[in-house]
Protein chains: 2
Amino acid sequence: MENVKVLIVDDEPNIRDLLSTSLRFAGFSVHAVGNGADAVNAAEKGAPDIILLDVMLPDMNGFSVTKKLRSMGINAPVLFLTARDETADKVTGLTVGGDDYMTKPFSLDEIVARINAILRRTKQVETEESVLEVGEIKINQDAHEVFANGQSVDLSPTEYKLLRFLISNPNRVLTKAQILDHVWEYDFNGEMGIVESYVSYLRKKLDPITSEPLIQTKRGVGYMYKSTKSTN
Amino acid sequence: MENVKVLIVDDEPNIRDLLSTSLRFAGFSVHAVGNGADAVNAAEKGAPDIILLDVMLPDMNGFSVTKKLRSMGINAPVLFLTARDETADKVTGLTVGGDDYMTKPFSLDEIVARINAILRRTKQVETEESVLEVGEIKINQDAHEVFANGQSVDLSPTEYKLLRFLISNPNRVLTKAQILDHVWEYDFNGEMGIVESYVSYLRKKLDPITSEPLIQTKRGVGYMYKSTKSTN
DNA sequence: GTGATTCCTGAGAGCTGGCTGAAAGCCACC
DNA sequence: GGTGGCTTTCAGCCAGCTCTCAGGAATCAC
């Protein structure tokens with residue numbers, strides 16, 4: 001997954017920054033603009049591999065932008081960003097041809113997962129496998145299925161996202177703030193205690209199955225998923 | 001089904017885009033034009049395996065285009081696209097040879113199925129089987145027949161399309177938006193609740209026959225057809 | 001040992017997403 | 001023009017999920 005170019009199109013500067021830093025850190029090559037006209041220009045020059053496109057833009061909406069892009073022969077898949085209340089009646093046609101959409105607010109980990117899923121599907125770029133396997137945990141991202149020691153485990157959506165984030169960063173301490181920032185939606189304003197709760201839920205479901213506790217507590221710092229064999 | 005060339009002829013740019021992206025993603029090699037004259041040129045140079053032809057074009061109608069094509073020795077089968085209000089007798093007679101027609105608005109899944117059916121019939125290109133069999137479900141696409149555990153099941157058109165879409169993507173979570181975009185007509189602007197309804201209908205018909213529930217709900221994500229033996 | 005800090009976890013309130021039965025509208029076919 | 005089946009909407013219900021809180025356990029500093 002080397003040098004994947006992402007074009008971000010959103011008029012809110014904070015969202016743009018949030019996505020830029022986050023995706024850059026995830027290893028993507030990022031370019032961000034704030035309106036449709038700039039998006040068309042940037043896509044023409046930059047030849048992005050994927051486009052993150054806010055549906056509501058000041059000058060033109062996301063559909064006009066994609067139409068313009070397609071007519072110019074730019075066929076990079078699009079991940080639409082839409083506010084939650086404008087989803088239902090406007091979804092038609094959004095998930096066609098490798099495209100997808102996400103509702104705001106989203107979580108950063110989720111958006112990286114979706115980008116990888118799209119790249120995987122469109123096969124324009126060789127990317128990581130849909131199956132994440134580290135130590136005794138195996139996650140099939142297509143099926144949203146989790147196995148511990150070969151045995152299927154039922155997880156709630158948040159439990160699933162948390163576990164995926166943990167095993168994506170094995171043998172590395174993650175602070176509760178980091179976990180909150182990546183797993184929960186960016187406008188979540190609750191306490192970090194919720195991370196403790198969910199770690200507890202995960203342990204309760206996973207530890208009876210695995211040979212040893214998988215999530216270690218680093219007191220005063222955070223949590224770490226320990227894996228002897230680093231299948232990276 | 002490698003490298004099947006499809007020529008799309010429609011004057012509405014959004015339909016053209018919708019079909020292009022969708023068919024390209026379905027694995028076809030796509031070329032799209034907006035009028036009859038361009039269609040003739042493109043067919044001459046591109047040697048398409050199948051032509052999607054809107055009956056109402058700005059310069060000439062579908063009859064003239066096909067007549068022209070046939071006179072030039074281009075015998076690729078044609079799938080006509082016609083508006084619903086255009087009467088049936090205008091259409092009958094169009095479907096000579098391996099040709100076929102569809103009324104707008106259509107669903108994207110349906111058009112792929114029809115294209116495959118035509119290619120299968122004309123045998124110009126080796127394509128996928130007409131019988132889809134995954135797990136306990138068997139669908140004969142030519143006869144529109146469905147068997148669960150060897151037993152025949154009566155399904156309504158929409159139920160059939162939904163089931164076909166589900167088992168075409170086994171062991172993979174499909175969101176309600178994806179299902180809506182593929183199974184329902186592209187101008188459907190209702191709510192996603194209808195997907196829930198139809199999943200419910202399918203389950204009511206299938207679950208009593210099969211040994212275990214076939215359609216799994218992934219809360220907060222979508223639905224998945226589970227098949228132990230991945231006949232892929 | 002004692003107190004302070006951090007973490008764990010059970011209980012519970014409230015919410016959300018999904019399921020389903022009922023009914024209205026539509027259409028095709030007698 | 002009536003009838004039956006199909007599609008679509010809607011509302012009520014329920015299960016499961018999210019999040020908070022508080023008491024107690026574990027760990028650390030001294």
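From a predicted model like this one, the values you see are computed outputs, not experimental measurements.
- Leu52(B) has its side chain within reach of Leu23(B): a pair of non-hydrogen atoms, C-beta onward, lies under 4.5 Å apart.
- With a cutoff of under 4.0 Å to any heavy atom of chain B, the contacted region of DNA chain D is bounded 5' to 3' by dC6(D) to dC17(D).
- An angle of 30°, rounded to 10°, separates the two end axes of the helix from dG1(C)-dC30(D) to dC30(C)-dG1(D), each defined over five pairs.
- Counting to the nearest Å, the P atom of dG17(C) and the CD atom of Glu191(B) are 13 Å from each other.
- Between Trp184(A) and Tyr198(A), the angle of the ring planes goes over 60°, which puts this pair in the perpendicular group of the 30/60° scheme.
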(request) Mind running side-chain contact (heavy atoms from CB on, under 4.5 Å) on Val199(B) and Val195(B) for me, showing each step along the way? (result) CA-CA 6 Å; Val199(B) 167; Val195(B) 178; 4.3 Å; yes
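- Screening Asp109(B), Asp99(B), Asp100(B), Asp142(B) for a salt bridge (charged side-chain N to carboxylate O under 4.0 Å, His left out) involving Arg114(B) leaves a single residue, Asp100(B).
- Note: Phe106(A) and Tyr186(A) have perpendicular aromatic rings, judged against thresholds of 30 and 60 degrees for the angle between ring planes.
- Between the side chain of Tyr101(B) and the backbone N or O of Val55(B) there is no donor-acceptor pair closer than 3.5 Å.
- Taking CG of Leu81(A) as the reference point, atom CG of Asp10(A) lies at 6.0 Å (rounded to 0.5 Å).
- Rounded to whole Å, the distance from CG on Leu202(A) to P on dC8(C) is 12 Å.
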(request) Starting at the 5' end of nucleotides 18-30 of chain C, put B wherever the base has a protein heavy atom under 4.0 Å, S where only the sugar-phosphate does, and a dash everywhere else. (result) SBBSB--------
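- Between Pro157(A) and Leu155(B), the one whose closest nucleotide on DNA chain D sits nearer the 5' end is Leu155(B).
- In this structure the side chain of Leu174(B) never reaches within 4.5 angstrom of the side chain of Tyr223(B), judged on heavy atoms.
- Using cut-offs of 30° and 60° for the angle between ring planes, the His144(B) and Tyr160(B) rings count as parallel.
- Residues Lys104(B) and Asp54(B) are paired through a salt bridge, judged by an N-O separation under 4.0 Å between the basic side chain and the carboxylate.
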